[in-house]
Amino acid sequence: MDETEEIKQDKTQSDASSEVKTDKTPEPATENVQEKPVEPVETVEKEEPLYSKQALVDYGSFSVVDRAILRMVVSDTEKITQEEAQAKINQFKGVEE
């Protein structure tokens, strides 16, 4: 290979490496795009445990007075949540929530 051919070959290689490559990926269209409404995730309410009258009186976090009220307002066979028990106590006392 003579000197002129080497120069031509070097020039061809340098031209090829100096080309700037651009990414021609199209941008997403933002016009006329209809967004789907987000559907709510199904919520599962955690059920509160039910307690017997005796369990509420023995192990509940109620005062001595409130326990005495529970003995009067809750039947022996009834099972209620602590929230319901507090509501019955408040109703007996005449306290509005």
Side-chain angles (χ1 to χ4, degrees):
M1 189 185 304
D2 70 351
E3 196 173 312
T4 7
E5 288 179 11
E6 284 181 32
I7 294 173
K8 287 181 183 177
Q9 188 176 11
D10 285 344
K11 186 177 180 189
T12 308
Q13 287 176 352
S14 67
D15 287 346
S17 64
S18 66
E19 289 181 20
V20 178
K21 296 182 181 178
T22 58
D23 186 17
K24 303 224 178 193
T25 312
E27 293 186 25
T30 55
E31 297 176 15
N32 299 328
V33 175
Q34 294 179 354
E35 292 183 18
K36 293 182 181 178
V38 178
E39 295 180 20
V41 177
E42 182 178 330
T43 57
V44 177
E45 291 185 26
K46 184 177 178 184
E47 292 184 20
E48 291 187 51
L50 298 175
Y51 299 97
S52 67
K53 172 182 168 178
Q54 193 63 43
L56 288 168
V57 170
D58 291 345
Y59 305 109
S61 58
F62 300 105
S63 69
V64 175
V65 173
D66 289 347
R67 290 178 187 185
I69 294 170
L70 281 173
R71 286 187 189 100
M72 291 184 282
V73 297
V74 179
S75 71
D76 291 336
T77 58
E78 190 175 6
K79 299 218 185 251
I80 60 173
T81 65
Q82 284 189 351
E83 187 176 291
E84 291 170 332
Q86 188 62 56
K88 285 184 180 241
I89 292 168
N90 291 344
Q91 183 181 11
F92 184 84
K93 290 179 176 180
V95 177
E96 291 185 26
E97 294 181 28

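Expressed to the nearest 0.5 Å, how far CD1 of Ile89 lies from CZ of Phe62 amounts to 4.5 Å.
Counting only residues at least two apart or in different chains, salt bridge (Lys or Arg N to Asp or Glu O under 4.0 Å) contacts with residues 56-76 comprise Lys53-Asp76, Asp66-Lys93.
Considering only heavy atoms from C-beta on, Val57 stays 4.5 Å or farther from Val74 through its side chain. At a threshold of 4.5 Å between non-hydrogen side-chain atoms, the residues Leu50 and Ile80 do not count as touching. With a 4.5 Å cut-off on side-chain heavy atoms, Glu78 and Glu84 do not count as touching.
Listed by chain and number, the residues in a side chain to side chain donor-acceptor pair (under 3.5 Å) with Gln82 amount to none (sequence neighbours excluded).
Nearest heavy-atom pair across Thr81 and Glu48 is CG2-CB, 3.7 Å.
Under the 4.5 Å side-chain heavy-atom criterion for Ile, Leu, Val, Met, Phe, Trp and Tyr, Val95 and Leu70 are members of distinct hydrophobic clusters.
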